[in-house]
2 protein chains.
Amino acid sequence: MKQVVTVKRRALAANEEHAAELRSRFATSGTLVVNLISSPGSGKTTLLEATVRSLKGELSCAVLEGDVATENDADRIRALGVPAHQILTGGGCHLDARQVETGLAEGGLPEVDILFIENVGNLICPTTYDLGEDFKVVLLSVAEGDDKPVKYPAIFARAEVAVITKSDLLPYVPFKLESVKEQIVSLNPQGLIVVTSSLKGDGVEQWLDLLRQRLTAKRRQQG
Amino acid sequence: MKQVVTVKRRALAANEEHAAELRSRFATSGTLVVNLISSPGSGKTTLLEATVRSLKGELSCAVLEGDVATENDADRIRALGVPAHQILTGGGCHLDARQVETGLAEGGLPEVDILFIENVGNLICPTTYDLGEDFKVVLLSVAEGDDKPVKYPAIFARAEVAVITKSDLLPYVPFKLESVKEQIVSLNPQGLIVVTSSLKGDGVEQWLDLLRQRLTAKRRQQG
């Protein structure tokens, strides 16, 4: 067990180096990088579909998709005319910075305004791996229940933005939205919370504004 | 990376030994052991609440709850008068057989007809860890989307039973039930599929019958 911990610590240290290189590269290109993390089925790809569709003609986007298996998610993004590359982990439970480097090299993605990295569907393991992103986003669907932030505290504490998804299901599920917001605020007092329904469009404009503001702030800071 | 794989292989080998000891112990006591695996929020605890409530007076049950944080799930089971013990992994993304041994020793759970082990909410990492169970059950809520079996193939191939949960939400979500069943059958031709709504009660009796049959078969086999 001690050996497992040591090896994991070494893997994380190696990851930090690659993440720093990525962060430096994204600073030079002025690309805003967003790392999306959630359980399987919280609606990461559906939010990205709504996002790239809405930003078309305004900001250039690309997507790195992380999955255990299938090219399905990259195909969904490419169908909208947006460059996407699928990273297949073949069983791996999270993305690491080296996979992002390789994915960027192999995927032939162009330099863009916003690069979205959709992590492997997993609310635990991706939390500790820095991918050189500007910020992490955690998604939680209202169908997953209102007890999740305190049960998976690490990601809700670290993600600068929490997106509550599938709000169109609120009438049909037991989900106390105010309780969830209180849990998130207690774990991350500086965090932002957006409530969305990607299918109905609710809250998507607020999410887009947040992306626009972050991109502007990043470029101003580096300007 | 190679070292990580070696250490993981060693950890899995050690796990196999503890799992074999547990399996032998459960054979002696004639306890049916069920390992429930799913994403966070697929409804594992809610299915267990419906299960132990329905079996009360007929079969004795106990529950080992695995979570990253909080005693919430064990509290929910104990509130129904059923013995439960919470295993807190403190960040760990799955249960292992040694944690089950320790949990049984520390939890003071009585010998029962059916022991349920609710794994940490994670559709990937728990898949490869044998806990000495009779069979694994994978749960998938209809709100998680109908593309999940092929995207997370390992657990759907290994779990003898797949429970599709929250069927009461079917009218409100895009979820092709037949497509999901086909994916599961292609990954696991021998597997059983049960469609349930723990809140409405649909399919729960079929799930209970499956448990009764497995318990009877186990005891007959061990004569």
Side-chain angles (χ1 to χ4, degrees), chain A residues 1 3-8 10-11 14 38-43 45-46 67-73 76 89-94 96 98 120-128 140-155 165-166 168-175 199, chain B residues 1 3-8 10-11 14 38-43 45-46 67-73 76 89-94 96 98 120-128 140-155 165-166 168-175 199:
Chain A
M1 188 60 188
Q3 198 185 359
V4 174
V5 173
T6 309
V7 170
K8 192 178 176 199
R10 219 174 295 152
S38 81
S39 306
S42 299
T45 317
T46 306
D67 271 298
V68 170
T70 85
E71 287 255 339
N72 292 357
D73 288 357
R76 286 170 61 182
T89 68
C93 53
H94 62 86
D96 62 33
R98 192 194 290 245
V120 178
N122 184 330
L123 207 48
I124 305 171
C125 311
T127 308
T128 44
L140 174 70
S141 124
V142 304
E144 290 172 58
D146 53 20
D147 56 346
K148 293 303 170 289
V150 293
K151 287 184 66 183
Y152 299 85
I155 185 57
T165 61
K166 309 195 187 188
D168 52 290
L169 293 179
L170 277 172
Y172 314 113
V173 293
F175 187 89
L199 291 187
Chain B
M1 190 59 187
Q3 198 184 0
V4 173
V5 173
T6 310
V7 170
K8 195 182 174 198
R10 219 174 295 152
S38 81
S39 306
S42 300
T45 317
T46 307
D67 271 297
V68 170
T70 84
E71 287 256 337
N72 292 357
D73 288 357
R76 286 170 61 183
T89 69
C93 53
H94 62 86
D96 62 33
R98 193 194 290 245
V120 177
N122 185 330
L123 206 48
I124 305 171
C125 311
T127 307
T128 45
L140 174 70
S141 123
V142 303
E144 289 172 60
D146 53 22
D147 56 349
K148 294 302 171 290
V150 293
K151 287 183 66 184
Y152 300 85
I155 184 57
T165 61
K166 309 195 187 188
D168 52 291
L169 293 179
L170 276 172
Y172 315 114
V173 293
F175 188 89
L199 291 186

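The structure presented is a predicted model; accordingly, all values stated were derived computationally and were not measured.
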- Sort out for me which of A/Ala69, A/Cys125, A/Gly145, A/Pro40 touches chain B most, counting heavy-atom pairs under 4.5 Å. A/Pro40
- Region of A/Leu140 that comes under 4.5 Å of a non-hydrogen atom in chain B: neither
- Item | Atom pair CD (A/Glu144) and OG (B/Ser39), whose distance is rounded to the nearest 0.5 Å | 7.5 Å
- Note on the structure: Cut-off 4.5 Å, heavy atoms of chain B, and the answer for A/Pro153 is side chain
- Item | Region of B/Lys148 that comes under 4.5 Å of a non-hydrogen atom in chain A | side chain
- Report the residues that fulfil side chain to side chain donor-acceptor pair (under 3.5 Å) with B/Thr89, sequence neighbours left out, ordered by chain and then residue number. none
- Message: Quick check on A/Pro171 against chain B: is it the side chain, the backbone, both or neither that has a heavy atom closer than 4.5 Å?
- Response: neither
- Above 12 or not: heavy atoms from other molecules or residues under 6.0 Å from CZ of A/Arg76? yes
- Heavy-atom pairs under 4.5 Å with chain B are the metric here; pick the option from A/Leu169, A/Leu199, A/Thr127, A/Asn72 that has the most. A/Leu169
- Query: B/Asn122 versus A/Asn122: any side-chain heavy-atom pair under 4.5 Å?
  - Reply: yes
- Would you mind telling me which of A/Gly43, A/Gly92, A/Gly121 has the largest number of heavy-atom pairs within less than 4.5 Å of chain B? A/Gly121
- Item | Contact origin within A/Cys93 toward chain B - heavy atom pairs under 4.5 Å | both
- Message: To check you understand the geometry: which heavy-atom pair defines the closest contact between B/Val68 and A/Ile124, and what is its length?
- Response: CG2-CD1, 3.8 Å
- Query: Looking only at atom types and distance, does a side-chain atom of A/Lys166 sit under 3.5 Å from a main-chain N or O of B/Ala143, one as donor and one as acceptor?
  - Reply: yes
- Rounded to the nearest 0.5 Å, the CG atom of A/Asp67 sits from the CG atom of B/Asp147 at a distance of 8.5 Å
- Would you check if B/Lys151 and A/Asp73 make a side-chain contact, meaning some heavy-atom pair closer than 4.5 Å? yes
